Amino acid sequence: MARVVRNILFRSSVFPSALLPPLKFNDLRLHGGCNFSISASINSKTRKNKVKKVEKSSHSNNSSVINQSKLSQVKRRTRSDKELDEETFLNKYGNDNSAHVPVLLGEVLDVFTSVTLRSFLDCTLGSAGHSSAIIRAHSEMQVYVGLDVDPIAHQLAQSQLKSIIDRNSFDTASALKVHTFLKNFKDVKSVLGEVEDDLLVCGVDGILMDLGMSSMQVNDAARGFSVLKNGPLDMRMNPKATLKAEDVLNSWPADEVGRVLREYGEESNWYSLQNRIVKARLHGGLHSTNELVDLIKNSTSRTKGRQGWIKTATRVFQALRIAVNDELKTLEDSIHASFESLSSGGRLAVISFHSLEDRIVKQAFLNIMNCSEVDRGGVEDEEGKHLRELRKINLDTVKEEAWVKQVIQGHNGTILTKRPITPSEKEETLNPRSRSAKLRVIQKS
C-alpha cells in the first residue's frame with residue numbers, strides 16, 4: 001500500500017495533472033484482493049449534502065418568516081383600491097420629477113364626497129393641488145381658507161386658485177370667498193378668527209393637512225432640503241425664521257445633536273455621526289449639504305453601497321428639518337386646534353409621510369376620542385343623550401361609504417380610519433414619492 005501511495009504522490013508532484021490520464025478506482029487495488037475504500041469520501045459528500053439541505057431548509061424558513069412579516073405589515077394598513085387613470089395622470093404630470101403631484105388625491109376627494117362643504121380649510125396649501133380638486137368637486141362651497149408658511153408656495157397657490165375659481169371655469173365663483181394666509185397651521189384658530197364670515201361661527205366643514213414636502217421645495221437647492229443637490233444647510237420652511245440646520249450642526253451641544261438624530265431621524269448609527277459632526281467643528285464646521293453628505297458617506301459601511309448612504313442621509317436630513325421647524329410639537333398642537341375648529345359632522349384628514357408623524361397623528365386622534373363619564377357608566381344628561389344619538393347617525397352614514405373599513409367611536413367623534421389608508425400600487429408606480437404616505441381621518445360628533 002505504501003508503494004501505491006508513493007507512486008501516486010510521485011506522479012502528482014512530478015507531472016502536471018493536465019498531462020496525466022485520469023485515475024480509476026480499479027487502479028488502486030491493494031494486495032490481498034482488498035479494494036481501496038471510498039466510503040469515507042461518499043459519506044463526506046452525503047454529510048455535506050445533508051448540511052446543504054438543512055441550510056437550504058433554514059434559509060427557506062427564514063425567507064418564509066420574512067415574507068410573513070412583510071405580509072403582516074401590509075395587513076396593518078389599508079391599501080387603497082382606488083382606480084388611478086394612468087393616461088390622465090401622465091397627461092397632467094408627465095414624467096417630470098419637478099412637478100408637485102398631490103398624493104392620495106382620489107382618496108382625499110372620497111373623504112369629503114358625502115360632506116356638504118360650505119366651508120373648507122387647507123392647512124398646508126402648497127401648490128393647491130388638493131384644494132383645486134376639492135373646490136371643483138364642491139360647487140356648494142362658499143368660504144375657502146388656505147394657509148402656508150412658505151412664501152413661494154403661497155404665491156404659487158394664489159395664482160393656481162385664481163385660475164380655478166375664474167368665472168369661466170367655476171360656475172359659483174361669485175359665491176366663493178377665498179382667503180389665503182402666509183401662516184403656519186399652528187395658527188389655525190387665530191387665522192379663522194380673522195375671517196369675518198357668519199358661516200364659520202359654527203366651525204369649518206372640512207380640513208386637510210398634507211404634511212409632505214412639495215417637489216418645488218426639495219428641488220430648490222438653495223433651500224437645503226435635498227440630499228442630492230448641493231446648497232446651504234438651511235432647511236427652514238419659513239425663510240424668516242432664525243434657526244437653520246447649520247446652527248444645529250455647528251452650535252448645539254453634542255448630546256442634543258445625538259438626540260435629534262436618534263429621535264427625529266430614527267438613525268441607528270447616531271452616536272458615530274454625532275461624534276463626526278462634533279469633530280468637524282474643529283475644522284470650520286459644516287455649511288453645505290455636500291459637506292454633510294460627504295461626512296455621512298465616510299461613516300457609512302461601503303458594503304451597503306449607494307443605497308446605504310442615501311438612506312442614512314435621508315434620515316439625517318429628515319431629523320434636521322424636524323428640529324429646525326419644530327415640526328412634531330407643532331403638529332400635535334395643530335391637530336387638536338383643527339379638530340376644535342370643525343363644525344358638527346365636519347371631517348379632518350391628515351396625510352403623513354414618516355413614522356414619527358403618523359404616530360403623532362394616530363395618538364392625537366385617540367386622545368381626542370377620550371371617553372367621558374357617560375361612556376364610563378356615569379349619569380347621562382340631555383346633552384349626553386343628544387351626542388349619543390348624533391354619533392349613531394354619523395356612524396350609520398359612514399358605513400355606507402366604501403372607503404371606510406374600520407372605525408373607532410368615541411364621545412367627541414369617530415375615527416374613520418382605524419388603519420391608515422396608503423396609496424394604491426398604481427399610484428406608487430407612477431409617483432414613487434407617495435410610497436410612505438398615510439391618510440387618517442376623524443369626524444366630529
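Please read these numbers as outputs of a predicted model, since none were measured by experiment.
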Residues two or more places apart in sequence or in another chain: which of them pass salt bridge (Lys or Arg N to Asp or Glu O under 4.0 Å) with [X]?
X	result
D150	R223
E291	none
D333	K329

Charged N-O contact under 4.0 Å between [X] and [Y]:
X	Y	value
D148	K183	no
E267	R262	no
E332	R359	no
E428	R433	no

For the pair [X] (side chain) and [Y] (backbone), establish whether a donor and an acceptor sit closer than 3.5 Å, ignoring hydrogens and angles.
X	Y	value
H130	V103	yes
S436	F353	yes
E140	L117	yes
S190	D187	yes
S352	E357	no
S299	I296	yes
K438	I351	no
N325	R321	yes
S434	N431	yes
S163	Q160	yes

Heavy-atom side-chain proximity of [X] to [Y] below 4.5 angstrom:
X	Y	result
L243	V248	yes
V143	L121	no
D358	L356	no
I368	H336	yes

Legend entry - salt bridge (Lys or Arg N to Asp or Glu O under 4.0 Å) assessment of E401 paired with R347: CA-CA 14 Å; E401 299 182 58; R347 291 180 178 180; 2.6 Å; yes
[atom1]-[atom2] distance between [X] and [Y], expressed to the nearest 0.5 angstrom:
X	Y	atom1	atom2	answer
T289	L228	OG1	CG	9.5 Å
N184	L147	CG	CG	8.5 Å
L320	K244	CG	NZ	14.5 Å
L84	E425	CG	CD	12.5 Å
R435	T429	CZ	OG1	9.5 Å
L261	I277	CG	CD1	5.0 Å

Inset, instruction - Test side chain to side chain contact (heavy atoms under 4.5 Å, CB included) on L161 and T180 and set out the steps. - result: CA-CA 10 Å; L161 290 171; T180 59; 3.9 Å; yes
Inset, instruction - Determine, step by step, whether S131 and D122 satisfy the side chain to side chain donor-acceptor pair (under 3.5 Å) criterion, reporting the C-alpha distance in whole Å, the side-chain angles of both residues, the deciding distance to 0.1 Å, and the verdict. - result: CA-CA 7 Å; S131 286; D122 191 338; 2.6 Å; yes
Inset, instruction - Tell me, please, which residues at least two apart from F112 pass ring-ring contact (aromatic ring centres under 6.0 Å, His included). - result: F120
Inset, instruction - With sequence neighbours left out, write down each residue that passes side chain to side chain donor-acceptor pair (under 3.5 Å) with K189, or none if nothing qualifies. - result: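 Residues passing side chain to side chain donor-acceptor pair (under 3.5 Å) with K189: E340.
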Legend entry - Partners passing side chain to side chain donor-acceptor pair (under 3.5 Å) against R281 (at least two apart in sequence or in another chain): none
Tell me if the [atom1] atom of [X] is crowded by more than 12 foreign heavy atoms within 6.0 Å.
X	atom1	result
D255	CG	yes
E194	CD	yes
E256	CD	yes
E196	CD	no

Shortest non-hydrogen contact between [X] and [Y], atoms and distance:
X	Y	value
S341	I207	CB-CD1, 4.4 Å
S344	S445	OG-O, 3.2 Å
R118	L199	O-CD2, 3.5 Å

Legend entry - Stepwise side chain to side chain contact (heavy atoms under 4.5 Å, CB included) test for S355 and E266: CA-CA 9 Å; S355 58; E266 298 180 303; 2.8 Å; yes
Inset, instruction - Apply side chain to side chain donor-acceptor pair (under 3.5 Å) to the pair S80 and E427, showing each step before the final yes or no. - result: CA-CA 9 Å; S80 173; E427 180 169 4; over 6 Å; no
Inset, instruction - Run the numbers on S334 and M209 for side chain to side chain contact (heavy atoms under 4.5 Å, CB included), then give the verdict. - result: CA-CA 9 Å; S334 301; M209 299 174 71; 4.0 Å; yes
Legend entry - Any donor-acceptor N or O pair under 3.5 Å, side chains D205, S343: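 Yes, side-chain donor-acceptor contact under 3.5 Å.
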Legend entry - L249 and its side chain to side chain contact (heavy atoms under 4.5 Å, CB included) partner, picked from V316, L292, L295: L292
Legend entry - Charged tip of K444 within 45° of F339 ring normal and under 6.0 Å: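 K444 over F339 ring: yes.
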Inset, instruction - Using the ring of F225 (Phe, Tyr or Trp, six-membered ring only), decide whether R236 places NZ or CZ under 6.0 Å from its centre and within 45 degrees of its axis. - result: no
Legend entry - F365 and I335: CA distance, side-chain angles, deciding distance, side chain to side chain contact (heavy atoms under 4.5 Å, CB included) verdict: CA-CA 8 Å; F365 279 12; I335 289 173; 3.9 Å; yes
